[in-house]
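Inspection log for the structure reproduced underneath, given as structure tokens.
In this text the structure is predicted, and so the values were computed from the model without any measurement. Note that the numbering runs from 1 along the sequence shown for the chain. Computation of the quantities below employed the complete heavy-atom set of this structure, encompassing side-chain atoms and omitting hydrogens, waters and symmetry-equivalent molecules. In each ligand, atom 1 is the first atom listed, and ligand 1 is the first ligand listed.
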Amino acid sequence: MPPTVPNVLTGDRPTGPLHLGHYFGSLANRVRLQREGADLFVLIADYQVLTDRDVAERLTEYTEGLVADYLAAGIDPGRVTIFQHSAVPALNQLMLPFLALVSVAELSRNPTVKEEIAASRQAAVSGLMFTYPVHQAADILFCKADLVPVGKDQLPHQEITRTIARRFNERYGPVFPVPEALLSDTPVLLGLDGRRKMSKSRGNAVPLAAGPDETARLIRRARTDADRRITYEPETRPEVSNLVRIAALCQDRDPRAIAEEVGDGGAAALKKVVTESVNEFLRPIRARRSELGRDLPREVLKRGNERANAVADRTLAQVREAMGTVSP
Ligand code: TRP
């Protein structure tokens with residue numbers, strides 16, 4: 001981490017409520033960075049929703065829901081700038097000069113984009129799908145972020161961002177820091193159905209907003225295996241080990257100790273432990289959520305958008321100046 005207070009930017013697409021996977025994968029990191037005094041920007045990436053679908057559904061609901069999830073998880077709106085793509089014109093304008101700094105070949109090599117194209121239900125690959133990593137560079141560079149806490153799947157985008165920052169500086173003079181990715185040390189949580197990851201859209205996640213009964217119901221339905229004795233062996237017993245890991249993360253303990261405690265109790269005993277751990281873990285998050293006023297998310301966004309606009313305007317002015325495009 002740089003010696004002075006780092007600028008940090010992270011973002012989420014507003015496609016549904018945040019869940020435990022998000023918490024341990026990135027929210028916990030954000031709350032820690034906030035505590036350490038970082039200047040933290042949290043982007044609600046609404047334009048990025050359109051990469052793999054024709055229409056962004058329920059945008060207002062999901063956007064305000066994300067803000068509520070952040071605040072409930074411990075993000076302090078007095079210290080953190082929460083904002084949206086669509087509200088910050090100068091950020092979006094950076095995409096144009098940035099597009100000129102990368103080749104089509106570089107864009108087409110991006111493994112995350114390739115996977116998303118394969119998974120998309122759209123008939124044709126849109127220009128946005130192909131170029132959104134450049135837009136993501138604008139997200140990161142408009143506020144001159146030094147650090148970007150992300151999951152592993154975002155590393156190719158991070159590389160494009162670093163390339164764009166370097167090339168811009170070489171061509172036009174030093175404007176941007178070359179930002180570092182900050183990987184969470186918590187590996188991705190599997191879905192409760194055993195799929196590769198917890199996902200907002202697959203119903204295989206425990207939302208941070210779930211009440212105690214819904215939490216119990218979701219965990220009761222989780223996949224396990226036929227072996228009665230509970231052990232922690234992520235390679236050979238992914239579903240059971242994932243449940244053990246959820247309990248361990250919630251209790252901040254070693255997963256092996258938890259597996260040993262459950263021992264011959266089988267899946268039913270394991271699920272009871274997981275349910276209790278998750279409910280205990282979510283208790284303060286639920287309490288904070290119940291205290292949020294109805295209008296707070298909108299107010300927080302309004303303030304965040306204002307600050308993001310001020311920062312983006314300043315950066316765009318520097319970019320214009322460096323490129324010699326200042327208008328009279
Ligand atoms: N692509 C990220 C995701 O799907 C969301 C995102 C958009 C992002 N802009 C960002 C993450 C900038 C980090 C930095 O999760």
TODO: Would you mind running through ligand 1 and noting each atom that sits below 4.0 Å from a heavy atom of Leu9?
DONE: 12 (C), 14 (C)
Task: Which of the ligand 1 atoms, numbered from 1, are nearer than 4.0 Å to a heavy atom of Val148 - done: 13 (C), 14 (C)
- [ ] Nearest 0.5 Å please: distance from the CE atom of Met95 over to the OH atom of Tyr47.
- [x] 12.0 Å
Open item on the list: Among all protein heavy atoms in this structure, tell me which lies nearest to atom 4 (O) of ligand 1, with the distance rounded to 0.1 Å.
Closed with: Arg13 NE, 3.0 Å
Open item on the list: Would Gln154 count as being in polar contact with ligand 1, using the rule that some N or O on each side must be under 3.5 angstrom apart?
Closed with: yes
TODO: Give me the one residue out of His85, Gln136, His135 that meets side chain to side chain donor-acceptor pair (under 3.5 Å) with Gln48.
DONE: Gln136
Task: salt bridge (Lys or Arg N to Asp or Glu O under 4.0 Å) evaluation trace for Arg13 with Glu116 - done: CA-CA 14 Å; Arg13 303 183 198 201; Glu116 286 168 345; 3.5 Å; yes
Task: Spacing of CG belonging to Leu208 relative to NE2 belonging to His22, to within rounding of 0.5 Å - done: 8.5 Å
- [ ] Could you list the atoms of ligand 1 found under 4.0 angstrom from a heavy atom of Val150?
- [x] 13 (C)
Open item on the list: Within ligand 1, which atoms have a heavy atom of Leu43 less than 4.0 Å away?
Closed with: 9 (N)
Task: Polar atom proximity, Tyr132 to ligand 1 (N or O, under 3.5 Å) - done: no
Open item on the list: I'd like the name of whichever of His135, Gln136, Glu116 reaches closest to atom 10 (C) of ligand 1 through any heavy atom.
Closed with: Gln136
- [ ] Verify the ring-centre separation between Phe142 and Phe98: is it less than 6.0 angstrom?
- [x] no
Task: For Ala45, atoms of ligand 1 separated by under 4.0 Å from a heavy atom - done: 7 (C)
- [ ] For residues Leu282 and Ala210, report the shortest heavy-atom separation together with the two atoms involved.
- [x] CD1-O, 4.3 Å
Open item on the list: Any nitrogen or oxygen of His157, side chain or backbone, less than 3.5 Å from one on ligand 1?
Closed with: no
TODO: Check whether any N or O atom of Gln48, backbone or side chain, sits under 3.5 Å from an N or O atom of ligand 1, and answer yes or no.
DONE: yes
TODO: Rounded to the nearest 0.5 Å, what's the gap from CD1 on Ile160 to CG on Leu107? Could you check?
DONE: 5.5 Å
TODO: Do me a favour and list the nearest non-hydrogen protein atom to atom 9 (N) of ligand 1 with residue, atom name and distance?
DONE: Asp139 OD2, 2.7 Å
Task: Heavy-atom pair of closest approach, residues Met129 and Val113 - done: O-CG1, 3.6 Å
